[in-house]
Participant: 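Below you'll find the structure I mean.
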2 protein chains.
Amino acid sequence: MTVSRTLSFPHLVSPETREKVAAAVRATGYIPNRLASSLASNQTRTIGAIIPTLRNSIAASFTDGLRDTLRRNGYHVLLGNSEFEPEDEEALVTEFLSRRVDGIYLTGSTHTERTRQMLRENGVPTVEIASLPQDPVDMAVGFSNYDAAYAVTRMFAKQGYAKVALFTTFTKNNERQQERQKGYWAAVEEFGLDSDPRLVSEVAMDLKAAAQNLIALLERRPDVEALFCTGDFIAAGALLEAQRRGIRVPEDLAIAGFDGLEIADNLNPSLTTVQIPRHEIGVLAGQMLLDRINGLPVGGRVVDLGFEIICRESTAKNLPRELTFTSLQTEVHE
Amino acid sequence: MTVSRTLSFPHLVSPETREKVAAAVRATGYIPNRLASSLASNQTRTIGAIIPTLRNSIAASFTDGLRDTLRRNGYHVLLGNSEFEPEDEEALVTEFLSRRVDGIYLTGSTHTERTRQMLRENGVPTVEIASLPQDPVDMAVGFSNYDAAYAVTRMFAKQGYAKVALFTTFTKNNERQQERQKGYWAAVEEFGLDSDPRLVSEVAMDLKAAAQNLIALLERRPDVEALFCTGDFIAAGALLEAQRRGIRVPEDLAIAGFDGLEIADNLNPSLTTVQIPRHEIGVLAGQMLLDRINGLPVGGRVVDLGFEIICRESTAKNLPRELTFTSLQTEVHE
DNA sequence: CACAAAAATGGTACCGGTACCATTGGACAA
DNA sequence: TTGTCCAATGGTACCGGTACCATTTTTGTG
């Protein structure tokens, strides 16, 4: 009736009627039922976002940008975490689809075959972030994990380090970490670094695990010169353990991290890291989803937002700052 | 028709029919529409959760427990962040109510009057966490911020410190921080500590701000002996700045934090802090919501899950460990 | 074999909105 | 005065499920 119109298109209704409706709404404490509205109008103004975990703030800072963009446009975010399990992700996608979200945001590009199929058949706008998938489900915005890890390892090589260790977090179901490891190996090979597999290990994403791993590494290879951690928390854990053991950073052991978290800049010594444009990725992902929802032809697009190596004290050694290898680029692969 | 029944109550349907339906579902890629389902059945199996911010992982670790409990019972979480603005919170509550969530989870007990009114009139099960409100909207589970801050300050007093500074995060719209500040002042008064207001300041919740604040504090009061920060990030920032300036902790300046984050245990020196049972609070909050939803009479209940002071190196000084004042309690106020 | 009880299936009226069309009543121009 | 057009309002058929009752089929038992 007229009430619905008053609430949705007030300009089509006379001021008196508008006032009467407003009064009734106030009097009864009426709250429109968005379920009914969504059912009838076939749009929920909701985006389903799946991130691996909420336990660290890194995935969260991606979604922060997403949230900003969406809220500004009257959209909401339904958040789910997959705990790095593609099956859990699949269940969440099913759940989101059954709630008829208008768009889906996925972290990374490792999904089950059924997930990809469901998403494609359903035709719901989808964006994958933090990777540059060969075969995106729909759209993607991220950066090259391979290039970033390669660049850090290369930086170590150019600084004269020959024995560079690598700590990654679990690579299972995580193509970002896999790519970083590949980038490391590529640089190790290219620059003739020590390719002892005992220099490489997988660590849980927490400070304590990183500390213990450093101890183990030092037992295996006491002669290690540099350590690249594909996560700032890992790097922080290792750095703090080095501090406890009186290992001087970077004189005895250079350390670099990955992510560009706040803590990297505040540790002593401050931590060299790879800065990821997390907020920008979230914002752009949101914008791309909105564009697709509004019928703009942006499907199949993969956007590279680049990264930047920030050199700090933990890898200074005796090389000038000019040798920082930054690579912040914005590229669109159609 | 029979299809609906097959999907909801398969045991009421013959195996052949069940198989036929399953085949059709597979063939068409049918995904049930939960909007329609919720509209008709009047339940969404969704809890709306509002947290201040996702930027740090602390609120997230509360909701982790919530999520665990809910998922186990087939419920989902709709997450919103208020950025410490009661008006934003109100808008989110309205949004959640219009989506007919089955329950609402709020952080803290600072809400607009309209929020309280909406929630109460609507009668939706609601739980407030991290505080022990005098007048809960419905249910609450948390701990006494006042007691915890009082206990830490008392600990400093008993250890012989007379000049104890306080860094809180912004107290505006945040009764938790306000309570902690009150607890501090109460202990200052009771134990005759230096009550110079210049010992107290508000800091943004980040490492850099904390570092700068420490510098300012040392200029105002170079004779300060101990520093209590009502957040581990603040404490970490101060501790790292102290490290940079060659200030020995705890010999020159003792530092205590609040929250019991992972980083507290890994800094050098390790940080004394107040451990909050975050996960347990989330789990219990979820359980209470489920109980209310299922008609169990748990309304109006406020549960105190206590806290625990964990003494570490940053406040060791020359007092024995026995003087740690822990207070982990579980109390129910009807 | 007859009949009652139980199991399986089908029919229909909602849930609370939106979309779209129909109707009413002025205002204004010819 | 009459016709046209537009603003404002009202009516109705959905959206895709669930709840509940009615009907049909199967099973069990004396």
Side-chain angles (χ1 to χ4, degrees), chain A residues 1-46 48 74-76 78 93-103 118 121-124 293-295, chain B residues 1-46 48 74-76 78 93-103 118 121-124 293-295:
Chain A
M1 48 171 83
T2 302
V3 172
S4 170
R5 191 179 0 245
T6 310
L7 267 21
S8 310
F9 311 100
H11 60 280
L12 292 180
V13 158
S14 74
E16 310 90 70
T17 313
R18 221 179 299 167
E19 187 41 50
K20 262 190 280 181
V21 171
V25 165
R26 249 174 286 131
T28 60
Y30 167 81
I31 296 179
N33 187 328
R34 235 189 238 294
L35 296 173
S37 161
S38 296
L39 180 60
S41 69
N42 211 25
Q43 58 159 329
T44 52
R45 300 189 82 76
T46 301
Y75 277 73
H76 283 256
L78 192 57
V93 168
T94 309
E95 176 66 26
F96 286 170
L97 254 26
S98 79
R99 286 174 190 248
R100 300 297 188 264
V101 295
D102 294 337
M118 268 196 299
E121 282 178 3
N122 190 292
V124 63
I293 290 168
N294 296 323
Chain B
M1 48 171 80
T2 301
V3 172
S4 170
R5 188 176 5 242
T6 310
L7 268 20
S8 309
F9 312 99
H11 60 283
L12 293 180
V13 158
S14 74
E16 309 92 70
T17 313
R18 219 179 300 167
E19 188 40 51
K20 261 190 280 180
V21 171
V25 165
R26 247 174 287 130
T28 59
Y30 167 81
I31 296 179
N33 187 327
R34 234 188 238 295
L35 296 173
S37 162
S38 296
L39 180 61
S41 70
N42 211 28
Q43 57 158 331
T44 51
R45 300 188 82 75
T46 301
Y75 278 73
H76 283 256
L78 193 58
V93 167
T94 310
E95 177 66 27
F96 287 170
L97 254 24
S98 79
R99 286 173 191 248
R100 300 297 188 262
V101 296
D102 294 337
M118 268 195 299
E121 283 178 2
N122 190 293
V124 63
I293 290 169
N294 296 322

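Chain naming here is simple, since letters A, B, ... match the order of the sequence lines and numbering starts at 1 in each.
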Participant: Is there a side-chain hydrogen bond (donor to acceptor under 3.5 Å, both in side chains) between B:Arg45 and B:Ser38 once you walk through the steps?
Facilitator: CA-CA 8 Å; B:Arg45 300 188 82 75; B:Ser38 296; over 6 Å; no
Participant: Whole Å only: how far is the CG atom of A:Leu7 from the P atom of C:dG17?
Facilitator: 9 Å
Participant: Base, sugar-phosphate, or nothing: which does A:Ser8 touch, judged by heavy atoms less than 4.0 Å apart?
Facilitator: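 Sugar-phosphate: the residue A:Ser8, judged by heavy atoms under 4.0 Å, touches backbone atoms but no base.
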Participant: Using every non-hydrogen atom in the two residues, find where B:Ser98 and A:Pro32 come nearest and quote the distance to one decimal.
Facilitator: CB-O, 3.1 Å
Participant: How long is the span from the CG atom in B:Leu78 to the OG1 atom in B:Thr46, to the nearest 0.5 Å?
Facilitator: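 Reported value, rounded in 0.5 Å steps: 7.0 Å.
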Participant: Ignoring the backbone of A:Ser41, work out which of C:dT18, C:dG16, D:dA19 is nearest its side chain.
Facilitator: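 For the A:Ser41 side chain, the nearest candidate turns out to be C:dT18.
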Participant: Would you mind reading off the distance between A:Arg5 atom CZ and C:dA19 atom P, rounded to a whole angstrom?
Facilitator: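 Result: 11 Å.
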Participant: Counting N and O atoms only, with roles assigned by atom type, does the side chain of A:Ser8 sit under 3.5 Å from a partner on the main chain of A:Ser4, one being a donor and the other an acceptor?
Facilitator: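 Pair found, side chain donor or acceptor close to backbone of A:Ser4.
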Participant: Check each residue of residues 24-32 of chain B for a non-hydrogen atom within less than 4.0 Å of any atom in DNA chain D, then write out the ones that pass by number, or none.
Facilitator: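 B:Tyr30, B:Pro32, in order of number.
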Participant: B:Phe9 CZ to D:dG17 P: how many Å, rounded?
Facilitator: 15 Å
Participant: If you measure from CD on A:Glu121 to OG1 on B:Thr28, what distance do you get to the nearest 0.5 Å?
Facilitator: 10.0 Å
Participant: Rounded to whole Å, please give me the gap between CG in A:Leu97 and P in D:dG17.
Facilitator: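 For the pair A:Leu97 CG and D:dG17 P, the rounded distance is 13 Å.
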Participant: Of the nucleotides D:dA19, C:dT18, C:dC15, which has the atom closest to the A:Ala40 side chain?
Facilitator: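 The answer is C:dT18.
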Participant: Tell me: CG of A:Leu35 to C1' of C:dC15, nearest whole Å?
Facilitator: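 That distance rounds to 10 Å.
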Participant: Around atom CG of B:Asn42, are there more than 12 heavy atoms of other residues, nucleotides or ligands at under 6.0 Å?
Facilitator: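 12 or below, so no.
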Participant: Between B:Arg26 and B:Glu19 (salt bridge meaning N to carboxylate O under 4.0 Å), is one present in this structure?
Facilitator: yes
Participant: Check DNA chain C against residues 12-21 of chain B and give the residues with a non-hydrogen atom under 4.0 Å, in numerical order.
Facilitator: B:Leu12, B:Val13, B:Ser14, B:Thr17
Participant: To the nearest 10 degrees, how far apart in direction are the end axes of the helix from C:dC1-D:dG30 to C:dA30-D:dT1, each fit to five base pairs?
Facilitator: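 The two end axes of the helix from C:dC1-D:dG30 to C:dA30-D:dT1 meet at 40°.
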Participant: Which heavy-atom pair separates B:Leu39 from A:Leu35 by the least distance, and what is that distance?
Facilitator: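 That closest heavy-atom pairing would be N-CD1, 4.2 Å.
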Participant: Roughly how far, to the nearest 0.5 Å, is CZ of B:Phe96 from OG1 of B:Thr44?
Facilitator: 11.0 Å
Participant: Does the distance from a Lys or Arg side-chain N to an Asp or Glu carboxylate O, for B:Glu16 and B:Lys20, drop under 4.0 Å?
Facilitator: no
Participant: Kindly compute the distance separating CZ (A:Arg99) from CG (B:Asn33), expressed to the nearest 0.5 Å.
Facilitator: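 Output value for this atom pair is 11.0 Å.
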Participant: Rounded to whole Å, please give me the gap between CZ in B:Arg100 and C1' in D:dG17.
Facilitator: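 In whole Å, D:dG17 C1' lies 17 Å from B:Arg100 CZ.
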Participant: B:Arg99 CZ to C:dG16 C1': how many Å, rounded?
Facilitator: 16 Å
Participant: Round to a whole Å and report the spacing from CG of B:Leu39 to P of D:dG16.
Facilitator: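 To the nearest whole Å, that distance equals 12 Å.
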